[in-house]
Number of protein chains: 2
Amino acid sequence: MTLSEEDYIKIIYHLGKGDLGSVSTNSIAERMETKPSSVTDMIKKLSEKGLVNYKKYQGVTLSEYGLKTALSIVRKHRLWEVFLVEKLEFSWDEVHEVAEQLEHIKSEKLVDMLDKHLGFPQIDPHGDPIPSKDGEFKKSIKRLLNEVPIGKEGICVGVKDSSPPFLKFLDKNKIALGDSISVIDKEEFDGSLHIKIREVDIHISDQIASNLYLRIIE
Amino acid sequence: MTLSEEDYIKIIYHLGKGDLGSVSTNSIAERMETKPSSVTDMIKKLSEKGLVNYKKYQGVTLSEYGLKTALSIVRKHRLWEVFLVEKLEFSWDEVHEVAEQLEHIKSEKLVDMLDKHLGFPQIDPHGDPIPSKDGEFKKSIKRLLNEVPIGKEGICVGVKDSSPPFLKFLDKNKIALGDSISVIDKEEFDGSLHIKIREVDIHISDQIASNLYLRIIE
DNA sequence: ACAAATTTTTAGCTTTGCCTAAATTTTAAT
DNA sequence: ATTAAAATTTAGGCAAAGCTAAAAATTTGT
Ligand SMILES: [Mn+2]
Ligand SMILES: [Mn+2]
Ligand SMILES: [Mn+2]
Ligand SMILES: [Mn+2]
């Protein structure tokens, strides 16, 4: 597989997960930042190689083999993202571009040992699950923090209220996108939460918790 | 720079160091595992980009700019080799192929942080020096262990005597290619050496020491 | 010095991945 | 049911990086 083929397969995988129908030529072109005619060319090649199912004008879906391939690339991408954040002090939002390159390095041993070096992580810095070597992985869902069950852990991936006062509050309390947060306990009385973030326990109101999105596993 | 251009520049650098004259088309072709006609094509392109000095039929040398580029690729290659050995438990002889790919990843921050993560290593697993960010590096030389001055450290890169008994001896004493060895002290009496290898001190005869090659810095 | 051998370059073709412009098919609107 | 719009494919080209075969330059051997 060439680098370009791998990128196409990965994009078809990501686009396909949303609709569950077949993926359109134009949507691929948009994500690949290329022209629809180029996409058609590539789709034909992928189809001949048995990576996708394709009928003219009817869009494209991944074959079994194509899905396996996609998951292996996603696995590599997310492992490298973990590496960049955990080992090289990259921040949450700097990793994508580099991982986009690293995901194409060919060496099975490299991926296995990287996985081990990182302690077999389950999720990447964006809270997305990392497929196992044989392509299995837990689904992740996005939830408001106040709806996360006690005991669960997730990655902070967004805010509902993006007003300056709220953002300032988050900043003051050192809560940032990409942080891992786990819910320790919930007060019945006012719905306020005890959470653990960066190894410290803090107490936040329901109002705060209902404006923070977490991505959690399962 | 494309991946291919980078590989050519690096090969021209390595070939040029030996002779100090200009590098021949055929020698590049051999190292690149490609045909001389392809090399001529590439040389023209590199010449137009100012990376090499080229006159038809006269071979090629790196320009100032080409040398800087080559050193940056060599730096990346060797840093990744250190990473693979030190962090991912690769052995000495497994790293080259993977580093050949990793050296082309484009991200200045990645290289800087990798360097830091590895503790700013001076030499790679083969004993070759790692150029600094601005292209400076110590020269390395190959010496028989018994000729290495006290206090110096080097990487075991070869044997003079490759007879089974000697190799068996090395194996039994856990001395292998790629190991870092430093000379602690030398006995005047019999020329035997106290060396440190894998954090343990051992005592070896002059006969052993005069059959092991070390690559040392400066 | 000069023919032979070797090295290097040129010419012409191939593949990959991309492009524009034109044709075709599908979908949406009246 | 037509027609208009949008999506998709085809046709024809281009640049990168490679190849083979043939031509040209350089080097070598006598
Ligand atoms: Mn990619
Ligand atoms: Mn991610
Ligand atoms: Mn390379
Ligand atoms: Mn090396």
Side-chain angles (χ1 to χ4, degrees), chain A residues 1-13 15-16 18-62 66 69-70 73 100-101 103-106, chain B residues 1-13 15-16 18-62 66 69-70 73 100-101 103-106:
Chain A
M1 291 257 292
T2 67
L3 186 149
S4 201
E5 286 171 352
E6 291 187 347
D7 279 341
Y8 272 96
I9 287 295
K10 204 183 56 170
I11 281 177
I12 293 168
Y13 167 74
L15 289 172
D19 346 340
L20 281 110
S22 68
V23 178
S24 77
T25 302
N26 271 3
S27 63
I28 299 171
E30 197 179 330
R31 281 283 195 97
M32 280 292 294
E33 297 184 66
T34 183
K35 301 289 161 171
S37 55
S38 306
V39 174
T40 303
D41 285 347
M42 181 57 87
I43 285 174
K44 282 182 184 165
K45 206 199 336 172
L46 296 176
S47 176
E48 274 162 26
K49 291 197 177 187
L51 288 153
V52 299
N53 309 117
Y54 169 60
K55 272 198 220 122
K56 268 189 194 177
Y57 293 100
Q58 300 309 134
V60 78
T61 56
L62 287 182
T69 306
I73 303 165
E100 199 57 49
Q101 300 176 62
E103 71 191 355
H104 303 289
I105 303 292
K106 274 157 191 69
Chain B
M1 291 256 294
T2 68
L3 186 150
S4 200
E5 286 172 350
E6 291 187 348
D7 279 341
Y8 272 97
I9 287 295
K10 203 181 58 169
I11 282 177
I12 293 169
Y13 167 73
L15 289 171
D19 346 340
L20 283 109
S22 68
V23 178
S24 78
T25 302
N26 272 3
S27 62
I28 299 171
E30 198 178 330
R31 282 284 194 98
M32 280 292 292
E33 297 183 67
T34 184
K35 302 288 163 175
S37 55
S38 306
V39 173
T40 303
D41 285 347
M42 181 57 88
I43 285 174
K44 282 181 185 166
K45 207 201 332 174
L46 296 176
S47 175
E48 273 161 27
K49 291 196 178 189
L51 288 153
V52 300
N53 309 115
Y54 169 60
K55 270 197 220 125
K56 268 189 193 176
Y57 293 100
Q58 300 311 135
V60 79
T61 57
L62 287 182
T69 306
I73 302 164
E100 200 57 49
Q101 299 176 60
E103 71 191 354
H104 303 289
I105 303 292
K106 275 157 192 66

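What you see is a predicted model, and the numbers here were worked out from it, not measured in a lab. Below, chains carry the letters A, B, ... as their sequence lines are ordered, and counting in each starts from 1.
The side chain of B/N26 contributes no N or O atom lying less than 4.0 Å from OP1 or OP2 of C/dT6.
Applying the 6.0 Å contact sphere to NZ of A/K35 captures no more than 12 heavy atoms from other residues, nucleotides or ligands. Residue B/K106 places its NZ atom among more than 12 non-hydrogen atoms of other residues, nucleotides or ligands, all under 6.0 Å distant.
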(request) Tell me, with the steps shown, if B/D7 and B/E103 meet side-chain contact (heavy atoms from CB on, under 4.5 Å). (result) CA-CA 9 Å; B/D7 279 341; B/E103 71 191 354; 3.2 Å; yes

(message) I'd like to know whether B/T34 forms a side-chain contact (heavy atoms from CB on, under 4.5 Å) with B/Y8, so could you lay out the CA-CA distance, the side-chain angles of the two residues, the decisive distance to 0.1 Å, and finally the verdict.
(response) CA-CA 11 Å; B/T34 184; B/Y8 272 97; 3.8 Å; yes

(message) Each nucleotide in nucleotides 9-16 of chain C should get exactly one letter: B, S or -. Can you fill that in based on protein heavy atoms under 4.0 Å?
(response) BB-----S

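A donor-acceptor pair under 3.5 Å is absent between the side-chain atoms of A/T40 and the main chain of A/T25, judged by distance alone.
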